[in-house]
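Chain A is the first sequence line, chain B the second, and so forth, proteins listed ahead of strands; every chain is numbered from 1.
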Amino acid sequence: MYRRILMVLVLGVGLGLTACGSEGGASSRDSTLRWAISSAPRSLDTAHAFDGTSVNVINELLEPLVVVDPQGQLEPKLASSWRQTDAVTYVYTLRDDVTFWDGSPLTAEDVVFSIERHRDPAVASEYGTYVKDIASVTATGELEVTFTLKTAVPEFKYLVALFSHTVKKSFAEEHAEDLGDSKTLTMGTGPYQATTFSADGVEVTRNDEYWGEPPTWEAIRFDVIPDADTLHLAVDGGEVDGTFNVPLTSSRNWDTLSDTSVHYVDAPISTVLSMDTTAPPWNDVHLRRAVAHAIDRESIVATVFGGHGRVSQSIIDPSLWSFLGPDVEDFETTFDGVRAYEYDLDKARAELAQSAHPDGISFTVTYPSGRASVGKPLQVMAASLKEVGITLTPKEVPASEWIGYIYAHQDLGAQILAVAADYPDPGVARLLLGKENAVPNAFNVANFTSPELEDLLAQERSADTGTRVDAMHQIAKIAAEEVPYVPLFFLDSTLALGKDLRYAGDFSYWTPLLDEWANRVQVRK
Amino acid sequence: MRLALWLGGRLAGIALTLLIVSILVFGILYVTPGSAEQVLLGTRPSSPETLAAIRERYHLDESVGSQYVHWLSSAVRLDLGESVRSGQDISTMLSERMPVTLFLAAYAALIAGVVGIPAGLVAGIRSGTLTDRAITVATTICVSAPSFVVGFLLLYAFGVALDWFPNYGTGGGLVDRAWHLTLPAVALALAPMAILARQTRASALKVYHQDFTTFARARGLPRRVVLGRYALRNSSLPVVTTAGLVVGYFLTGTVLVEQVFAVPGIGTLMIESVSTKDVLVVQMLALVIALFMLSANLLADLGHLALDPRVRKGVLG
Amino acid sequence: MMPPEAPEHDASAVGSRSARWGVLVPVCVAVTGVVVVLAVLGGWLAPQDPDHQNLLSPAAGPSSEHWLGTDDLGRDIFSRILTGTRSAVVGPIVAAIGVTIIGLLLGLLAGFHGGRLEAVIMRIVDLVYAMPALLVIIVLIGLFSGGYWAAVGVLVLLATPGTTRILRAAVLAQRGLPYVEAARTVGVSNRRLIFVHVAPNVLPTVVTSFLLEFVGALVALSALSFLGLGVPPGSPDWGRMLAENRGLLELNPWAVLAPALMLMVTATAVTVLGDWLYERFEKARTSND
Amino acid sequence: MPDVDPRQRADRLLDVEGLTVTHVGSGRLLVDGIGFHVERGESVALVGESGSGKSLTARALMALLPRGLAARGRVRFDGNEVSAHGERQMMSLRGQHLGLLMQDPFTMLNPLTTAGTHLAETLRSTTEGASLDRSALDADIARRLEEVGVVDPAVPDKYPFELSGGMRQRIALATALAKDPELLIADEPTAALDTTTQREVLRLLRRVQREREMGLLLITHDLAVAFSLCERIMVMKAGRIVEVADPATLRSSARDPYTTRLLAADLSFSDARREPAARSVDAPPLLEVRNLSKDFPRPRRLRRAAAQGASALADVSITVTEGRSLGLVGESGSGKSTLARCILGLETPTSGSIRLDGLELGRYGSLAKAELRQARGAVQCVFQDPYSTLNPAHSISFILTEAIRHRETDELSREEEEQEVLELLDQVGLPATFAGRRPVALSGGQRQRVAIARSLAMKPRLLICDEALSALDVSVRAQVLDVLEAVQARGVTLLFITHDLAVARKVTDDLVVLYRGKVVEAGTTAEVLDNAQHDHTRSLLAAVPTGEPAWLGGR
């Protein structure tokens, strides 16, 4: 099972960050970093807090064996080295100088315990699907952890960066019921130690005994600011130093801020419009093509997102392509000849005329309330679809209700959803395809499958890169012909920083998700 | 003794009303669309095990009646359950959110009372003058202007454009908090202030024309006594009733104003919980709000009792 | 004998009494008139299609083409304001009519019949009256994802008790008057008593409470839209525009200020009219000469 | 005004010249340049009907006119010009030199403070009073209460609502006198009181005035009261003083025609029934009330506790003989109106029977439709308050036509209806032009006549007049009385409810005295009034003002 994707699902905003240098500036300051987050972490226990915002915070507290650097390469963290001894065995050697905040040394037992928690059904960890293929994880030495897998998993090395955040075993056992809550907090090895945690935010203070580079900040205060306009005000007023949550729909407004610099980087967050290929009216390919032709993606990216995104031509993200390996041809070459749907109302009308609904149809697309990053594009789409006689009505529903529809997998009709990659591999797209995912609690909301496609999906999971590339090329071709999904756009990750701050080194979508990041935010000299 | 009896009766009535409200709310939430499990699961795809665990933990397998009994029996033990959205204890959430809202409401009530009542009194006594006209026009605007529009305008005028007040945050410490919450408090206070002013004006107008006020002036009583013991005290009876009702405005206003100013109080909690269908929290907030209103009415009645000997006699014999 | 409002031995202030409202009333009548005309004709008067997106000039300031500029999808703010008058005003008018009719019937029934019927009506009324209406609507519409008309419906249910109380009080005040008893002794039927004798005398209260209910509903519905409930996203609705265009304040302040001002001005104008009418009716009732 | 020696003038307590009160908005003149004076220790009455400007004169003297009214003219008090005083100077004058006692003891006292507080705050507002300690203050309060005849030590701690009307007026008097004013202006001080209480309060007022040698300006509509209490009477009409004289002179030889009319209209108690009934007592009864009781449940709820309930009835039996008019007298709260309302079906009696015209009216609700119509036609009522007895929304002809339509089983033609409306108006002495008017355009007396016309439209056999005259001025009262007599002459039987024995004597053949819901005396009017058996009847009789000083005791 390869469901290794963090579904952002338009819910968790701001996974992505931006690689950028420094700039920015706000107030003069003490050595506390004030950081705006869109919602409080649901828990400080990774098992119950697998979402963008929680992970941003937890990455400062708990450390995994390995991390992903801005370029998408694995780097050591708690593990000083690792090796793959065969197709299903991975051995990690721990550093010997790591201690928890209480001074006790990190042992392999702690790491094993932390990973076993995700495998324990009683814990009901949100990482459950990510550890499904592990046959065993054992401490094979004082400072050595060995994973044995049930089957070969090419991207397993990346997954370790996601789920191996280590909490002290004895602490976690002592607080089995309330680990990570606002009273118990947690016990980790990270550069910062949690001091308070509430619905209003989290405060962490410097871990003076940190094993690595001394932490930059005395303390970090994560303030919860759910509302985009409020966030703008808070940043404008200098009440917070920075955030990852710049809403692209109001990026023009943010660009007017004088004391703040906003940076945008490409991110593998893909938004698609799905159409249920198994039920009328969407089982008509001409209708789907008509829709695909009638959506002005260029304008959406340019107008709604102020240009801070990429028009999407395929469900496979070109920006992830390079992670397949150094020998892989570039995306454009590989995908040459895949059918593209340019914005052309005449073509749309022509397709519609060929369909079973030459006079057009009316349909409703629900989306989680308050999410302008899908709401606004839907409004633009509605306007151009109207030109060809198709009526799209966007409808806001509470987020939980919306996700209920998706998971229930019934009467799907047309849906809009965003999928974000949580490790650097273009295989993400498979989540939207195939029988395996055309069931409740999965994301093939177009119910798109065929024998040919199933074969290709199996090939795409091969360990051999060449086979994978070919399979993806075929998949992309089929997906383009049949358009179960209209690929819309990839949204940029953002970083806003006060003018007196800089971001040291490169900054990318990966860092706050798969690495510690706060120490890179530094006061400008 | 009679007072204790009366108070006991009223408190019992409040408890009974809360019970009825809780049943109503429980019923309403039960029939809300969207399965409770899904709300509890949040954004996570579920496995049969997690689903079973959740169903058991929240007694979802049982009937509505026994779910209610479960809820009630833990609620009376002050175990209010957990938010399904954040997993936090609801009692913890309330204790975090309540102080800000109470501060805001108290601040707004202070503004409303300190400005509204004297303004109404002045307008009533000086009826027909330019002062009266100005106050009347101002209160008319304030009473009809939606609090979220006013809040928005205040925020951008005084927070952003003029930068006199902070435009985000709740501040720490009394002074800093008051400083941060001034704009929200003003936005929240305007409508109740205007209502109080109008009510005070009307009753002052009436009282000032009554024989007993004229008789007091005819005896050469000092202005202080005539205005205080006669005009203000007699005007205060309907004003106290109004003040009790204004609490409803406060509660509604808080939701909107907190939303505009992003104040992390129970108003924003309400909106967040409603929009995420965090039913247990909505239910508890409904009860808290009902308790507020009932207490306000009780306070208003106690005010009447303290102010009006006729009522005192009616209650205490 | 004595003017209804007038203390103190102070002749200087007297002249201004008649001018208490001054120029305000004509202005408010004009504003209300314009709003009503816009509610009827708004869509036709709009110079442009309010939903037409000019994606090339989003969030632009006022220009000769767009008098109040555009929103973030390049839609003409002026046209949206004009068109939005209907959803801003029609719901509240329907709500106010509903509230007034039901409230009047219940008020007359309760006030006139008394006894058990009155007790039942007033018990229910008191119960609902004690609830903060807008809050309940927010919760119900939020949880049940109801639309605009559902909100109007709930609003009617929740606002009726207030009007019922007021009208019942007005009816009670009339019921005890000798003219009612005299009509009764003449043998006038209850229905005739209610509709021919009492109703005309509570009409001023009815008209006034209608206007104030309208304002209440206007504020409530726009608050709902502001919170993203009720009207669908992207509708040219004042409350919705205010919420959705907040982020445009620096780019085109009119996108936010125009709906805010329309709401304020409409609500205030109608309130002033309500107050003024009330005062006039009161004066007509209390002065015998 | 006759010329007076300036020296003498300066010595006067109060001297008013050219006092005018105008309504600023309309410019209407309400008090038209009057002049008068009050000597030290003198008691002077200002008598006039409602609207004559007498109360405004009092308010103008105190500089307490309602806003919208402006006073001009010269007012000298104790030789000092006070009309030019500002509010601050007036404040020191009020209470200390000029006291004011107002009409209604129910509204004159602050409902939220005790009797003692009223006195205390007044005493403390003087320089000497401010330095008094608590016990001295209490002693002073007790002394001053004793002066007005209040000796009960519990009274100072009582709130106004716990005191009777007479007691309140005593408290108010003590309060008005607390700063020992040299002149007391008493504005209708007893108009809101029962007749028996009125006499006690007037007696007290005279005693205090004499003991203190205080000036008194009594403002009243009641000539008899003025004659009994005052040394000099000023008659005021439409903002002017038309005549000034001492009581004896005025009585014997009034010069002004208005005064003459007033004197004529003011019924003397000795006036007997002008036209005795033709029928004897033995004629068949039209109305028989037997053992009628009516209880009112005590209000339960908090806010209604203060609400005034109607008066109960206990085992009341009366008989009205057809053609003879029956008077029902008693003080307020005696149950007179409750009885009337039971007969009219506006209240349902608790027990007992009411038989009228062969119908049992104890349970109106159970009457058949035809019976109900018969009952409605048989008995009609004229209520007390002329200002709310007519529906302000409808015209006079609408009101009368409605009654006519409810009387007739068959529909009349429009012309017939119009004709009858005019006839009805004519019967009550109103011109035909009134048909199109609305009640708001009518005076109190005119309204009361329309109310009578409406009753007559039903062609009733019994007409109940529930204090139908008591809200009217004396001159108007006489006219309405004439109308009622004419009605009686047409064969309609009257049930006349009143607290005024003089009216009762003049209009009724038989009399029933009610006291606290019980019949205490009944008989022919002459028997009852000339040979009263019951104490209550006697005290009622004693309370009727005679116009002689002796009525108040002493000279």
Pick one of side chain, backbone, both or neither for A:V224, based on which atoms fall under 4.5 Å of a heavy atom in chain B.
backbone
Polar side chain donor-acceptor pair, A:N447 to A:H409, under 3.5 angstrom
yes
Specify whether B:F103 and B:Y107 have parallel, tilted or perpendicular ring planes, treating 30° as the upper limit for parallel and 60° as the lower limit for perpendicular.
perpendicular
Kindly determine whether A:R117 and A:T46 satisfy side chain to side chain donor-acceptor pair (under 3.5 Å), including the steps that lead there.
CA-CA 10 Å; A:R117 283 190 76 232; A:T46 50; 5.3 Å; no
Bottom line for B:T268: the part with an atom under 4.5 Å from chain A's heavy atoms is neither
Do the side chains of A:R252 and A:T256 get nearer than 4.5 Å, heavy atoms only?
no
Can you say whether A:P440 sits under 4.5 Å from chain B via the side chain, the backbone, both, or neither, judging by heavy atoms?
neither
Leading residue by heavy atom contact count with chain B [cutoff under 4.5 Å; candidates A:D178, A:D227, A:I225, A:D236]
A:I225
Please classify the contact of A:S198 with chain B as side chain, backbone, both or neither, using a heavy-atom distance under 4.5 Å.
both
Parallel, tilted or perpendicular: rings of A:H118 and A:F163 (30°, 60°):
perpendicular
